[in-house]
Amino acid sequence: MATKALGELLRETGPRVMLRLAPGAPNQAKMREEIDLTHDDQAIMNQALASLDKGYDVVLLTDDNFAAVTAEHFGLPVRVLPTHWLKEPEADDSVKELARKDAEIARLKAAEPMLQLRFTDQAGTKIERLDVTMKRYLSVPSDKVDRLVERVTALAPMAELTPTQLKEASKPQSPGKGFDISSIAYPDDSMMPLTQIAIDKYEDDYRKWVSGVRSKYRRVPCGMEPPTRLAAGSFLPAEHGLTAGCGRAC
């Protein structure tokens, strides 16, 4: 057998497994007629058969079931290796490159400057603790928000609107050169007719406005001044704007 320097320890214990190179030149002659020496596995089997034929105690160790079946066919003793005997597969180039980059990133991070903050007083003494007093405001309670919104809706209630009834137009008169349409008019020349669609939009906008008022009051901390003017939309004139607030009443 070769020297220890030409061997490799595959397993320390249970059992101890050492890989060593056999001395001498490789056998080039076919030990069995059917062996294909161009096939790597069968070339190894041919070497093992040469030693077996010389009286050496030879066993082929493999984790390849096909190789085990082939060895048994040639009369070579074989043993299928258990999984825990096998070495970890070698990493391919991509895995090695990722490991190299990870190591480089770790090295660069270790070289980054570490920022530290410290506080000192006017005398240069290090401040270990900062005590801060913060003033916090509680939100307006829900029942008070409801009362404020009721005040808003009382000062700017939803208008009760009905669709405009158009008067029946008189029969157009013919001036001789066409039809006279001057008699087709609305009840009031200064107003457009109020349709149900316009009324529905007004009522929907009003409800959205009230919802917005409620939302604003909820966001105003008790003890702080709320918005001073809440407009009710284009359907209400400017004088219906509201000036009200939580103030100290909260």
Side-chain angles (χ1 to χ4, degrees), residues 1-139 219:
M1 299 297 290
T3 61
K4 186 176 181 180
L6 298 177
E8 180 180 359
L9 180 64
L10 300 182
R11 185 176 178 84
E12 182 67 37
T13 58
R16 179 182 173 87
V17 181
M18 176 68 72
L19 174 66
R20 288 196 177 98
L21 298 178
N27 181 61
Q28 300 295 335
K30 284 188 177 183
M31 303 309 299
R32 301 293 185 271
E33 185 63 29
E34 300 176 0
I35 285 184
D36 180 6
L37 294 179
T38 62
H39 192 284
D40 291 341
D41 287 348
Q42 294 190 27
I44 294 173
M45 294 177 194
N46 192 66
Q47 294 295 119
L49 287 169
S51 298
L52 181 67
D53 292 347
K54 292 178 182 179
Y56 289 101
D57 185 10
V58 180
V59 177
L60 177 66
L61 302 178
T62 180
D63 65 329
D64 187 340
N65 292 330
F66 183 76
V69 171
T70 304
E72 290 179 346
H73 173 72
F74 292 141
L76 178 64
V78 62
R79 178 173 179 179
V80 178
L81 291 173
T83 306
H84 64 277
W85 279 30
L86 303 179
K87 295 179 66 177
E88 293 293 331
E90 292 189 5
D92 58 20
D93 292 341
S94 62
V95 175
K96 293 179 181 178
E97 180 64 16
L98 288 175
R100 187 192 67 78
K101 290 183 177 180
D102 289 341
E104 180 67 11
I105 291 173
R107 185 188 67 80
L108 293 175
K109 285 186 175 181
E112 291 178 353
M114 298 294 294
L115 299 180
Q116 293 183 344
L117 298 178
R118 66 174 185 172
F119 300 89
T120 58
D121 57 17
Q122 293 181 350
T125 304
K126 184 178 179 180
I127 299 175
E128 299 287 348
R129 175 177 174 177
L130 294 175
D131 293 327
V132 179
T133 301
M134 298 182 64
K135 187 175 182 180
R136 298 182 59 189
Y137 294 92
L138 299 177
S139 60
R219 294 197 302 267

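Just so it is clear, the model here is predicted, and its values are computed rather than measured. Computed over heavy atoms, backbone and side chain alike; hydrogens, waters and symmetry mates excluded.
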Might you point out which heavy atoms bring [X] and [Y] nearest each other, and give the distance in Å?
X	Y	result
Arg129	Ile127	O-CG2, 3.3 Å
Val58	Leu52	CG2-N, 3.9 Å
Ala29	Asn46	O-ND2, 2.9 Å
Ile35	Lys30	O-CE, 3.0 Å

Please round to the nearest 0.5 Å and tell me the distance separating atom [atom1] of [X] and atom [atom2] of [Y].
X	Y	atom1	atom2	result
Leu76	Leu49	CG	CG	5.0 Å
Arg118	Glu128	CZ	CD	11.0 Å
Thr70	Asn65	OG1	CG	10.5 Å

Counting only heavy atoms not in [X] (residues, nucleotides, ligands), do more than 12 fall under 6.0 Å from its [atom1]?
X	atom1	result
Arg79	CZ	no
Asp121	CG	yes
Asp93	CG	no

Requested in this report: Start with the C-alpha distance between Glu104 and Arg107, add both sets of side-chain angles, then the distance that settles salt bridge (charged side-chain N to carboxylate O under 4.0 Å, His left out), and finish with yes or no.
Outcome: CA-CA 5 Å; Glu104 180 67 11; Arg107 185 188 67 80; 2.6 Å; yes
**Report entry** Candidate pair Met45 and Val78, rule side-chain contact (heavy atoms from CB on, under 4.5 Å), full reasoning
**Finding:** CA-CA 10 Å; Met45 294 177 194; Val78 62; over 6 Å; no
Report task. Check the pair Thr62 / Asp41 against side-chain contact (heavy atoms from CB on, under 4.5 Å), numbers first and verdict last. Result -> CA-CA 10 Å; Thr62 180; Asp41 287 348; over 6 Å; no
Query raised in the report: Can we say Glu112 and Lys109 salt-bridge, meaning some charged N sits less than 4.0 Å from an Asp/Glu carboxylate O?
Result: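 No salt bridge links Glu112 with Lys109.
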Query raised in the report: Does the pair Arg100/Glu97 count as a salt bridge with the N-to-O cut at 4.0 Å?
Result: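 Looking at Arg100 and Glu97, the cut-off is met.
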Query raised in the report: Does Asp53 reach the side chain of Arg32, with side-chain heavy atoms less than 4.5 Å apart?
Result: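 When only atoms from C-beta onward are counted, Arg32 and Asp53 do touch, with a gap below 4.5 Å.
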Report task. Find out whether Phe74 and Gln42 are in side-chain contact, i.e. whether some heavy atom of one side chain is under 4.5 Å from a heavy atom of the other. Result ->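 Yes, side chains in contact.
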